[in-house]
Amino acid sequence: MTQKARQFSPLLLVVPLGARVAFPNGDPFFHNVFSYSKPKRFDLGRYRQGESKSVIFDKTGYVKVMCEVHKWMRTAIVVVDNPYYAIVQADGRFRIGGVPPGHHRVVIEPFDRRTQVIDVDVTAGGTTRVDVTL
């Protein structure tokens with residue numbers, strides 16, 4: 001999760017449970033990466049260009065990440081325990097392939113809005129449409 005040009009890149013990262021995420025500072029000034037999110041609370045302290053610190057994400061969930069020095073710098077890390085996820089495209093569409101038939105829950109995690117949970121039934125060999133209103 002690079003810090004460059006006073007922003008995080010990428011703006012959203014999905015990682016498996018137990019992943020270690022590095023936060024290298026590519027800017028010529030200090031950053032302080034932190035999160036107060038329930039799944040992972042951390043504060044990496046201030047560190048300079050060329051330095052990198054990392055965090056292990058050991059609980060599933062949505063983690064909002066910010067910079068204490070630059071208030072507009074925000075990103076999110078979603079920690080998952082299964083391979084069924086999607087990042088919504090600019091046109092609002094998403095696709096999650098290979099989902100086994102059965103009853104499932106789709107969890108929508110927007111950065112500045114409430115989490116939504118939608119129950120869906122997936123049939124074998126078919127397509128299931130999920131409409132979400134934010």
Side-chain angles (χ1 to χ4, degrees):
M1 178 69 63
T2 303
Q3 302 154 74
K4 184 77 173 168
R6 294 187 177 118
Q7 63 184 4
F8 288 105
S9 180
L11 293 177
L12 176 65
L13 181 64
V14 180
V15 299
L17 184 64
R20 177 185 298 272
V21 175
F23 295 90
N25 183 353
D27 279 327
F29 37 77
F30 285 89
H31 286 296
N32 179 3
V33 179
F34 75 97
S35 177
Y36 293 140
S37 299
K38 270 188 175 181
K40 191 64 177 185
R41 296 174 79 89
F42 62 91
D43 186 337
L44 300 181
R46 291 186 180 196
Y47 57 103
R48 62 178 44 100
Q49 183 177 31
E51 293 181 349
S52 182
K53 296 189 179 187
S54 64
V55 175
I56 295 175
F57 291 86
D58 51 3
K59 291 183 184 171
T60 60
Y62 188 77
V63 181
K64 292 181 181 182
V65 179
M66 294 167 271
C67 175
E68 180 266 332
V69 179
H70 305 98
K71 305 291 185 200
W72 63 89
M73 287 180 60
R74 308 180 318 165
T75 190
I77 298 173
V78 180
V79 184
V80 298
D81 62 356
N82 68 66
Y84 306 110
Y85 66 86
I87 296 174
V88 177
Q89 302 303 310
D91 66 1
R93 295 177 183 260
F94 65 93
R95 178 179 172 78
I96 304 172
V99 177
H103 185 77
H104 301 281
R105 292 193 138 173
V106 176
V107 179
I108 314 299
E109 295 277 8
F111 194 90
D112 286 331
R113 297 190 182 127
R114 296 182 68 96
T115 298
Q116 290 187 42
V117 178
I118 300 169
D119 291 315
V120 297
D121 290 306
V122 176
T123 58
T127 298
T128 303
R129 181 182 169 104
V130 177
D131 291 314
V132 178
T133 304
L134 294 178

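Nothing here was measured: the structure is a model prediction, and the numbers come from that model.
Val80 and Leu12 fall within a single hydrophobic cluster, where Ile, Leu, Val, Met, Phe, Trp and Tyr are joined by side-chain heavy atoms under 4.5 Å apart, directly or via other members. Under a hydrophobic-cluster definition in which Ile, Leu, Val, Met, Phe, Trp and Tyr are linked whenever side-chain heavy atoms come within less than 4.5 Å, directly or via other members, Leu11 and Tyr62 are assigned to different clusters. A single hydrophobic cluster is not seen to contain both Val69 and Met73; linkage of ILVMFWY side chains at heavy-atom distances under 4.5 Å, directly or through other members, places them apart. By the rule that hydrophobic residues join a cluster once side-chain heavy atoms approach within less than 4.5 Å of another member, Ile56 and Val21 end up as members of separate clusters. Val15 and Val63 fall within a single hydrophobic cluster, where Ile, Leu, Val, Met, Phe, Trp and Tyr side chains are chained together by heavy-atom contacts under 4.5 Å.
In terms of heavy-atom proximity, Ser52 sits nearest to Ala22 at OG-CB, 3.8 Å. Shown here for Pro39 and Lys59, the closest heavy-atom pair between the two residues is O-CB, 3.5 Å. Ile118 and Asp131 get closest at one heavy-atom pair: CD1-O, 4.0 Å. Scanning all heavy atoms of the two residues, the minimum distance from Leu44 to Val55 falls at CD2-CG2, 3.7 Å.
Taking 4.5 Å as the limit, some side-chain heavy atom of Tyr47 sits within range of a side-chain heavy atom of Gln3. The side-chain heavy atoms of Phe8 and Val33, taken from C-beta on, include a pair separated by under 4.5 Å. Looking at His104 and Val99, their side chains come closer than 4.5 Å, going by heavy atoms from C-beta outward.
Interatomic distance, CD of Glu51 versus CZ of Arg46, reported as 13.5 Å (0.5 Å rounding). Distance check, rounded to the nearest 0.5 Å: CZ of Phe30 to CZ of Arg48 gives 4.0 Å. The CE atom of Met1 sits 13.0 Å away from atom OG of Ser54, with the distance rounded to the nearest 0.5 Å. Remark: Leu17 CG to Asp58 CG distance equals 7.5 Å, nearest 0.5 Å. Rounding to the nearest 0.5 Å places CD of Glu68 at 5.0 Å from NZ of Lys71. Put simply, CZ on Arg6 and NE2 on His31 are 8.0 Å apart, with the number rounded to the nearest 0.5 Å.
Asp43 meets the side-chain contact (heavy atoms from CB on, under 4.5 Å) test with Asn32, Phe34; sequence neighbours excluded.
Panel note: side chain Arg105, backbone Asp119; no donor-acceptor pair is recorded below 3.5 Å. Between the side chain of Ser35 and the backbone N or O of Phe42 there is no donor-acceptor pair closer than 3.5 Å. Between the side chain of Thr2 and the backbone N or O of Lys4 there is no donor-acceptor pair closer than 3.5 Å. Using modelled atom types, one side-chain atom of Thr75 and one backbone atom of Pro10 make a donor-acceptor pair closer than 3.5 Å. Of the possible polar contacts, one joining the Asp27 side chain to the Ala5 backbone as a donor-acceptor pair under 3.5 Å is found.
The aromatic rings of Phe57 and Phe23 sit tilted relative to each other, their planes meeting at an angle between 30° and 60°.
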For residues 81-94, please give each side-chain donor-acceptor pair under 3.5 Å, one per line with the distance, not counting sequence neighbours.
unit_1, atom_1, unit_2, atom_2, d
Asn82, OD1, Tyr84, N, 2.8
Gln89, NE2, Ile87, O, 3.0
Asp91, OD1, Arg93, N, 3.0

field: Audit row: His70, Gln7, side-chain contact (heavy atoms from CB on, under 4.5 Å) steps and yes/no
entry: CA-CA 9 Å; His70 305 98; Gln7 63 184 4; over 6 Å; no
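Annotation for Val107: hydrophobic cluster partners, listed by chain and number, are Val117 (ILVMFWY side-chain heavy atoms under 4.5 Å, direct or chained).
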